[in-house]
Amino acid sequence: MDDNQLEEWKYMMLFYKFALDGVSTKLKILNEEFQFIHDYNPIEHIKTRLKSLASIREKLGRKGHEATIENAKAYIRDIAGVRVICSFSTDIYKIYRAISGQSDIRIVEVKDYVTNPKENGYQSVHMIVEVPVYLTDRTEYTKVEIQIRTSAMDFWASLEHKIYYKFNSDVPDHIRLQLKESADLIASLDRRMLQLGEEVQSYRPDAPARAEAPLAEAESGEGIERIFAMGGSGEQSVRR
């Protein structure tokens, strides 16, 4: 890669950095608004990351594409990534609803691994969104991947990633089984913590009769789908 090409790649990466900054700002505003109106923070913390140029080019090669800027924009959806860590499982859908309801965000794809966990037990809601990056001469929509999960789900996913890296994805069967059992335990823990949180909230004089997005909806397979049916904007294909 010559100097001119390197500068073009760096300029492309600026778009993803700006998009990442924009999504982070939106999430922080939502969290502060929740705190002001409801005296409650649904977001525990936010993690952001940008893929390196080497990682982008390597991933394009694995996908069978030439390492060009055009291909990077077309085929790599997670160059910019945001991970939103919530206290409770119902907070996941609060955040999803808030993000997808913003008029300047385009929803490209949603995968709900909370309602429908992966076979290994992985849980999270994944969103691919396009957000506007405003420049002096134009506006360019740029993709950002958003993952929304609870602290317990994030702990499990982090450990699972380290294990798969250690074994180069060839994980022994007995360890796979233990990971799945651990995922089930974490799901049970999330349910128990939600019940505890709702019980604590019930002692507030202004507490609602029931949670805004009950976990039963997610457990019955009506997580994201239920939100769509209620009129959310999903039909367009989201530290303390």
Side-chain angles (χ1 to χ4, degrees), residues 6-38 40-57 59-60 68-87 91-114 124-151 153-154 157 224 227-228 232-240:
L6 182 59
E7 286 302 307
E8 290 175 357
W9 277 93
K10 287 181 177 179
Y11 185 57
M12 181 202 75
M13 294 302 295
L14 269 182
F15 285 85
Y16 288 95
K17 179 186 180 300
F18 295 154
L20 203 56
D21 291 344
V23 171
S24 296
T25 299
K26 286 176 177 292
L27 289 167
K28 290 173 183 176
I29 289 171
L30 289 171
N31 208 36
E32 289 188 24
E33 183 192 20
F34 267 102
Q35 177 63 46
F36 182 81
I37 296 176
H38 303 291
Y40 169 68
N41 298 83
I43 299 175
E44 288 288 339
H45 57 274
I46 300 167
K47 302 176 183 178
T48 62
R49 68 107 183 92
L50 278 173
K51 278 187 177 295
S52 66
L53 291 181
S55 179
I56 294 169
R57 293 168 67 87
K59 189 169 184 177
L60 282 171
T68 65
I69 290 174
E70 292 73 19
N71 284 343
K73 291 180 178 180
Y75 300 111
I76 310 296
R77 292 180 159 190
D78 62 344
I79 293 176
V82 180
R83 187 173 300 157
V84 184
I85 311 302
C86 303
S87 300
D91 294 332
I92 293 172
Y93 296 103
K94 288 186 178 76
I95 298 303
Y96 165 79
R97 187 185 294 107
I99 292 173
S100 60
Q102 297 202 2
S103 60
D104 62 342
I105 288 183
R106 299 173 178 172
I107 309 299
V108 177
E109 184 179 55
V110 178
K111 292 184 178 179
D112 185 356
Y113 297 119
V114 175
S124 185
V125 167
H126 289 197
M127 305 178 69
I128 303 296
V129 303
E130 289 182 334
V131 297
V133 174
Y134 299 102
L135 304 172
T136 54
D137 58 345
R138 69 188 188 279
T139 300
E140 184 162 326
Y141 275 80
T142 304
K143 290 185 178 68
V144 177
E145 181 190 54
I146 304 173
Q147 298 179 0
I148 318 171
R149 59 181 67 149
T150 65
S151 298
M153 293 172 189
D154 190 55
I224 297 298
I227 293 171
F228 288 171
S233 61
E235 66 270 19
Q236 296 177 48
S237 189
V238 213
R239 181 171 290 272
R240 273 181 189 165

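Bear in mind that the values here come from a model prediction, so they are computed numbers and not experimental data. No hydrogens, no waters, no symmetry mates; every other heavy atom, side chains included, goes into these values.
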Less than 4.5 Å apart, side chain to side chain, heavy atoms only: is that true for Phe15 and Lys73? no
Within a strict 4.5 Å, meaning less than it, do heavy atoms of the Leu20 and Val144 side chains meet? yes
Worked check of side-chain contact (heavy atoms from CB on, under 4.5 Å) between Leu27 and Ile43: CA-CA 8 Å; Leu27 289 167; Ile43 299 175; 4.3 Å; yes
Are a donor atom and an acceptor atom from the side chains of Gln35 and Glu33 found within less than 3.5 Å of each other? no
From Arg97 atom CZ to Leu30 atom CG, the distance as rounded to the nearest 0.5 Å: 12.5 Å
Does the side-chain contact (heavy atoms from CB on, under 4.5 Å) test come out yes or no for Lys47 and Val82, once each step is laid out? CA-CA 6 Å; Lys47 302 176 183 178; Val82 180; over 6 Å; no
Is a donor from one side chain sitting under 3.5 angstrom from an acceptor on the other, for Tyr93 and Asp112? yes
Could you check whether any side-chain N or O of Thr142 sits under 3.5 Å from a backbone N or O of Ala19, counting only pairs where one atom can act as donor and the other as acceptor? no
Smallest heavy-atom separation, Ser124 atom then Ile148 atom, equals OG-O, 3.2 Å
Under 4.5 Å between any side-chain heavy atoms of Phe34 and Lys94, yes or no? yes
When you look at Tyr96 and Ile146, which way does the side-chain contact (heavy atoms from CB on, under 4.5 Å) test go after all the steps? CA-CA 9 Å; Tyr96 165 79; Ile146 304 173; over 6 Å; no
Side chains of Tyr40 and Asp91: any donor to acceptor distance under 3.5 Å? yes
Counting C-beta onward and ignoring hydrogens, is there a side-chain heavy-atom pair between Ile95 and Cys86 closer than 4.5 Å? yes
With side chains defined as the heavy atoms from C-beta onward, is the minimum distance between Val131 and Asp104 less than 4.5 Å? no
If you draw a 6.0 Å radius around NZ in Lys17, do more than 12 non-hydrogen atoms from other residues or ligands fall strictly inside? no
Are any of the side-chain heavy atoms of Ile105 and Lys26 separated by less than 4.5 Å? yes
So which atom in Pro42 and which in Asn31 form the shortest heavy-atom distance, rounded to 0.1 Å? CD-OD1, 3.1 Å
Strictly distance-based, threshold 3.5 Å: is any side-chain N or O of Ser55 a donor or acceptor partner for the main-chain N or O of Lys51? no
To the nearest 0.5 Å, atom CE of Met12 lies from atom OG1 of Thr68 at 9.5 Å
Report yes or no: do Ser151 and Asp154 form a side-chain donor-acceptor pair below 3.5 Å? no
Which heavy atom of Ile46 sits nearest to which heavy atom of Ser24, and what is that distance? CD1-O, 4.4 Å
Determine whether Leu53 and Met13 make a side-chain contact, defined as any pair of heavy atoms from C-beta on separated by less than 4.5 Å. yes
Nearest 0.5 Å please: distance from the CZ atom of Arg57 over to the CG atom of Asn71. 11.0 Å
Residues Phe18, Glu140; criterion side-chain contact (heavy atoms from CB on, under 4.5 Å); working and verdict: CA-CA 11 Å; Phe18 295 154; Glu140 184 162 326; over 6 Å; no
Arg49/Asp78 salt bridge by N-O under 4.0 Å criterion: yes
Taken to the nearest 0.5 Å, the spacing of Glu145 CD from His126 NE2 works out to 6.0 Å
Please report the shortest heavy-atom distance between Tyr16 and Ala72, naming the atom on each side. OH-O, 4.4 Å
4.5 Å side-chain heavy-atom contact, Met153 and Gln147: no
Got a sec, which residues hit salt bridge (charged side-chain N to carboxylate O under 4.0 Å, His left out) with Glu130, two or more places apart in sequence or on another chain? Arg106, Lys143
